[in-house]
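Okay, structure first, notes after.
Each chain gets a letter, A, B and so on, in the order its sequence line appears, and its residues count up from 1.
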Amino acid sequence: MRDDPGPSFREEARRLQEVVARYAAGQEPADTSGLRTVGGADVSYEGDNACACVVVMEYGSLRERTRAAATSKAKFPYVPGYFAFREIPAILAALRLVPELPDLFLVHGHGYAHPKRAGIATHLGVLLDVPTIGVAGNLLSGMEADAPPDIRGATSPVTMGGEVVGSLLRTCRNKAPLCVSPGFRTTLPEAISIVLHCTTDHRFPEPLHLADRCAGRFRKEVYRENEKR
DNA sequence: GCGACAG
DNA sequence: ATCTTGTCGC
């Protein structure tokens, strides 16, 4: 696939991001005080063949409840700022195999912390009408933040042009902080506390960590099974 | 014009 | 993201 989706495609995508951001801005934050389940989704690639995995866990115990994986063909290249267009179709494919949506989704990537305030987490939340939080391992160009203290739970604001768009969150000592931002119907303070609650043994919250490994294993099963003679 | 850029 | 096993460190 071309590395460049083309100017008209990008312009269309940008317009869609504006619609998504405007819609999300018009919704009230959901009540997250009684969360029963949290979901996580991630995608692994073999070229443009996407392998997506969705994991749903009980919020309080962090016990796994459901898991599903599916393959699909990516129709949009990876372009920073347009991540949702590459990744979301694959996630939706895996989601079709999940009997019930979680009360909230953690998404690997940014949410409000985005040039158009419509990162993949915001985009997925609007599509599913489920509250979401964006969790990314790196900042996009244009974001600024000081490193939070090296203490689990420490935070520091992430800004774009002076506006606070998210927060760096130290989930593990001696490891780089995550960038947490509201996706759909969530606030930054709630997003931080939810991500911290879900993070136990790894840098990323458990639903994302499991989905990450599941997607990787699934990809190897699908694309390595035959060639190992 | 150059550089920067979630996964 | 992906190419890749064991290994060094907390």
Side-chain angles (χ1 to χ4, degrees), chain A residues 1-5 10 13-14 17 20-21 40-54 69 71-94 105-125 132-145 150-152 158-161 165-184 191 195 201-205 207-224 227-228:
Chain A
M1 165 188 310
R2 305 185 290 183
D3 260 13
D4 184 350
R10 273 206 312 280
R14 191 163 51 244
Q17 289 180 336
V20 165
D42 205 8
V43 184
S44 177
Y45 293 91
E46 185 78 20
D48 283 323
N49 299 305
C51 296
C53 175
V54 170
T71 58
S72 62
K73 181 82 175 174
K75 296 180 177 177
F76 200 90
Y78 169 63
V79 182
Y82 300 89
F83 188 40
F85 298 94
R86 175 171 178 78
E87 197 113 320
I88 284 188
I91 293 174
L92 294 180
F105 246 113
L106 298 177
V107 184
H108 199 159
H110 295 295
Y112 189 80
H114 179 275
K116 287 283 184 287
R117 307 299 184 258
I120 185 171
T122 312
H123 213 124
L124 187 67
T132 60
I133 293 169
V135 183
N138 289 287
L139 299 180
L140 270 168
S141 174
M143 299 179 186
E144 295 179 359
D150 196 12
I151 297 171
R152 173 176 155 85
V158 175
T159 62
M160 292 186 87
V165 296
S167 175
L168 288 188
L169 171 64
R170 187 81 64 179
T171 54
C172 283
R173 272 195 144 161
N174 302 320
K175 285 186 182 177
L178 299 179
C179 177
V180 175
S181 66
F184 183 60
V195 170
D201 300 336
H202 310 277
R203 180 162 86 114
F204 276 80
L208 285 180
H209 182 256
L210 291 179
D212 206 29
R213 290 178 50 252
C214 170
R217 282 200 313 274
F218 186 56
R219 175 175 59 83
K220 288 186 178 178
E221 278 175 28
V222 172
Y223 295 98
R224 310 270 186 241
E227 66 184 64
K228 71 165 186 181

More than 12 non-hydrogen atoms from neighbouring residues, nucleotides or ligands closer than 6.0 Å to CD on Glu46(A), yes or no? yes

Between dC5(B), dT2(C), dG7(B), which one does the side chain of Ser44(A) approach most closely? dT2(C)

Within the pair [X] and [N], is there a side-chain N or O less than 4.0 Å away from OP1 or OP2?
X         : N      : result
Tyr45(A)  : dG7(B) : no
Asn138(A) : dG7(B) : yes
Arg219(A) : dG7(B) : no

Let me know the distance between [atom1] of [X] and [atom2] of [N], rounded to the nearest Å.
X         : N       : atom1 : atom2 : value
Phe218(A) : dT2(C)  : CZ    : C1'   : 18 Å
His114(A) : dG7(B)  : NE2   : P     : 13 Å
Asp150(A) : dC10(C) : CG    : C1'   : 12 Å
Lys220(A) : dT2(C)  : NZ    : C1'   : 10 Å
Glu144(A) : dA4(B)  : CD    : C1'   : 13 Å
Arg10(A)  : dC5(B)  : CZ    : C1'   : 13 Å
Leu168(A) : dA6(B)  : CG    : P     : 14 Å
Asp48(A)  : dT2(C)  : CG    : P     : 13 Å

Just checking [X]: base, sugar-phosphate only, or nothing, at a heavy-atom cut-off of under 4.0 Å?
X         : answer
His110(A) : base
Leu139(A) : sugar-phosphate
Tyr82(A)  : base
Gly142(A) : nothing

On DNA chain C, does the nearest nucleotide to Asn174(A) precede the nearest nucleotide to Asp212(A) from the 5' side, or the other way round? Give the residue. Asp212(A)

Going by ring centres under 5.5 Å and near-parallel planes (under 30°), is Phe83(A) stacked on dG7(B)? no

Parallel, tilted or perpendicular, judged at 30° and 60°: which one describes the rings of Phe83(A) and Tyr78(A)?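 Geometry flag for Tyr78(A) against Phe83(A): perpendicular rings.
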
Just checking, Arg86(A) and Tyr45(A): is the charged tip under 6.0 Å from the six-membered ring centre and within 45° of the axis?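 That pair qualifies as a cation-pi contact.
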
Mark yes or no for whether Ser72(A), through its side chain, and Ala93(A), through its backbone, hold a donor-acceptor pair below 3.5 Å.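 Between the backbone of Ala93(A) and the side chain of Ser72(A) there is no qualifying donor-acceptor contact (under 3.5 Å).
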
I'd like to know whether the aromatic ring centres of His108(A) and Phe204(A) sit less than 6.0 Å apart in this structure.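 Distance test on ring centres: under 6.0 Å, yes.
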
